2 protein chains.
Amino acid sequence: MAVDPRTDKQAAASLGAMHTTGGRGSRKASDQTIYDSIYQAVLTQRLPPGSKLPEVALSELFGVSRSIVRKALTRLASDHVTEQSPNQMAVVARPGIEETRQIFAARRLVEGEVTRLVAGTLGKSEAQALRKLIKEEKSAHERGQDQHRVHCSMAIHQYLARQCPNQVLGKMMLELVLRTSIVIALYKAPGITACFLGNDHGRLADLIIKGEADQAAQLAREHLDTLEGLLDLDEPSGDIDLASILRYT
Amino acid sequence: MAVDPRTDKQAAASLGAMHTTGGRGSRKASDQTIYDSIYQAVLTQRLPPGSKLPEVALSELFGVSRSIVRKALTRLASDHVTEQSPNQMAVVARPGIEETRQIFAARRLVEGEVTRLVAGTLGKSEAQALRKLIKEEKSAHERGQDQHRVHCSMAIHQYLARQCPNQVLGKMMLELVLRTSIVIALYKAPGITACFLGNDHGRLADLIIKGEADQAAQLAREHLDTLEGLLDLDEPSGDIDLASILRYT
DNA sequence: TTCATATTTAATGTCGACAATATTTATCAG
DNA sequence: CTGATAAATATTGTCGACATTAAATATGAA
């Protein structure tokens with residue numbers, strides 16, 4: 001059932017690089033620190049779906065007791081970032097095909113509305129910050145820095161969510177953006193180097209800044225539609241025909 | 001700052017009546033049990049916004065250690081049911097005016113879509129169950145059993161959320177239904193005996209069962225609009241003019 | 001060897017203890 | 001009596017210990 005061949009310690013190391021600022025990982029950390037570290041690692045796909053998250057390894061890494069780790073893991077599970085089953089290690093969430101489709105549908109609804117609400121509300125500095133993010137994404141794409149490009153892409157959507165006047169919707173969108181990142185890592189069709197969709201983000205930003213709410217919302221939904229289409233979401237046939245797979249005559 | 005004059009023990013007692021089945025509250029309980037108990041008590045407004053939730057009282061009531069209680073409280077806070085500040089007792093959430101408006105706006109969006117998705121998908125038995133809930137709500141309304149009526153009203157919306165083919169959206173709606181219940185308890189205009197809106201639920205059920213998706217969604221949104229309008233959401237003026245309040249000449 | 005079983009190991013589940021902090025109560029000067 | 005200060009109480013924050021359960025390893029018979 002292990003998706004990832006890396007050991008637990010190696011998986012945890014993906015986090016260590018992030019949170020330790022200087023020396024060894026002996027500095028105390030709050031549950032929020034742990035939450036954020038794992039959150040970011042999952043968002044940027046350094047912790048792929050199914051990665052094990054052992055409490056002891058994390059507690060040693062962050063220099064706290066298991067209680068703190070457990071609180072962080074509980075919150076992460078509540079936000080669908082991890083899965084927790086009784087007496088089993090927490091793992092990064094592995095949504096199924098159907099749930100993946102539902103996540104995209106929900107995100108189309110929520111992000112469409114968020115986009116509509118943000119459109120026309122950005123001040124000069126906010127618009128500039130948005131354009132800068134898009135520029136950085138493009139640059140990362142051209143240089144082939146795929147991980148950084150993913151990071152930028154996520155940052156763009158997060159920025160929009162945080163700029164939304166309705167923060168209840170904004171928080172929902174943040175959750176859905178993360179879950180989208182997870183399912184992309186899971187179902188990205190092999191060979192698809194990235195999900196850099198033309199200049200969608202650039203055009204979207206223009207519409208938002210200009211205040212074309214309806215067009216912006218429409219583009220956002222189409223953008224997500226295209227993204228979903230790039231995934232490999234074919235149902236594995238219910239009854240696997242072992243014979244046809246193993247017969248080599 | 002205390003919203004409620006009742007003591008902590010009395011507040012906790014609202015839960016005890018629910019979860020203890022027979023003898024005294026000495027049966028062990030999981031964090032899920034505690035979560036559900038508080039969830040239901042908040043939903044049915046037995047625990048009004050601001051109610052204190054001390055860990056020790058809960059742990060004694062449910063016969064478990066504080067660890068279990070803390071886990072339940074962490075999850076409840078993650079779902080915006082309670083508020084947790086460092087070194088302070090957890091309390092039932094008290095959303096402000098602005099957040100209340102955002103909750104209603106978000107719920108209009110989400111419940112509108114959920115309604116559209118559910119419309120036309122209900123089988124015979126599901127349709128019957130829905131009508132039964134509505135009948136019970138009406139009955140409770142006519143008999144003046146307000147608490148039971150609130151319970152039924154919530155159950156109707158929860159039922160729709162659970163019937164939604166898109167459970168990602170369904171879960172979001174469940175959260176928003178609960179938060180709506182909280183803000184209704186907070187901002188219900190005095191004298192308004194209830195939020196029983198004509199026969200909205202009955203008409204909504206008819207449209208859903210008949211499969212009139214667009215009309216059903218539209219009605220759901222209007223229903224929520226009306227509900228929000230019944231609340232007293234006037235901003236308290238930023239600088240309170242004590243003079244005008246206290247001058248009696 | 002290979003499979004089933006027993007042992008060992010390692011992880012989570014739960015609890016109680018103690019420290020740190022906030023709240024309440026008691027004390028006392030004015 | 002009022003208001004500020006100090007002691008006492010109550011509550012949360014964190015930790016380590018032990019029990020429980022799952023997984024990995026070792027053992028032995030066929």
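All chains are named by letter (A, B, ...) in the order of the sequence lines, taking the proteins before the strands, and each is independently numbered beginning at 1. What you see is a predicted model, and the numbers here were worked out from it, not measured in a lab. These values consider heavy atoms only, across backbone and side chains, with no hydrogens, waters or symmetry-generated copies.
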Whole angstrom value for the distance that separates [atom2] of [N] from [atom1] of [X]:
| X | N | atom1 | atom2 | answer |
| --- | --- | --- | --- | --- |
| B:Glu83 | D:dT12 | CD | P | 15 Å |
| A:Glu60 | C:dA11 | CD | C1' | 12 Å |
| A:Met89 | C:dG13 | CE | C1' | 15 Å |
| B:Gln32 | C:dT14 | CD | P | 13 Å |
| A:Leu53 | C:dT12 | CG | C1' | 14 Å |
| B:Ile34 | C:dG13 | CD1 | C1' | 14 Å |
| A:Lys52 | D:dA22 | NZ | P | 15 Å |
| A:Gln84 | C:dT12 | CD | C1' | 10 Å |

If every non-hydrogen atom of B:Ile68 is compared with every non-hydrogen atom of B:Asp31, which pair is closest and at what distance?
CG2-N, 3.4 Å
Quick one: CG on B:Leu186 to CG on B:Asp232, what's the gap to the nearest 0.5 Å?
11.5 Å
Listed nucleotide nearest any side-chain atom of [X], set [options]:
| X | options | answer |
| --- | --- | --- |
| B:Asn87 | C:dA22, D:dT11, D:dC15 | C:dA22 |
| B:Val64 | C:dC15, D:dC15, D:dG13 | C:dC15 |
| B:Ser65 | D:dT12, C:dG16, C:dT12 | C:dG16 |
| A:Arg66 | C:dT12, D:dG13, D:dT11 | C:dT12 |

Is there a side-chain contact between A:Thr74 and B:Arg75 in this structure, where contact means two heavy atoms from C-beta onward sitting under 4.5 Å apart?
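Yes, their side chains come closer than 4.5 Å.
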For A:Arg70 and C:dG13, is the shortest distance between a side-chain N/O and OP1 or OP2 below 4.0 Å?
yes
For A:Arg149, is there an ion pair with A:Glu136 - N to carboxylate O distance below 4.0 angstrom?
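The answer is no: the pair does not qualify as a salt bridge.
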Between A:Glu55 and A:Arg70, does any NZ, NE, NH1 or NH2 come within less than 4.0 Å of an OD or OE carboxylate oxygen?
yes
If each of A:Ala90 and A:Ser67 is mapped to the nucleotide of DNA chain C with the nearest heavy atom, which maps nearer the 5' terminus, i.e. the 5' end?
A:Ala90
Considering heavy-atom distances to DNA chain D, does A:Pro86 or A:Asp31 have its closest nucleotide positioned more toward the 5' end?
A:Asp31
Can you work out whether A:Ile68 or A:Gln88 has the more 5'-proximal nearest nucleotide on DNA chain D?
A:Ile68
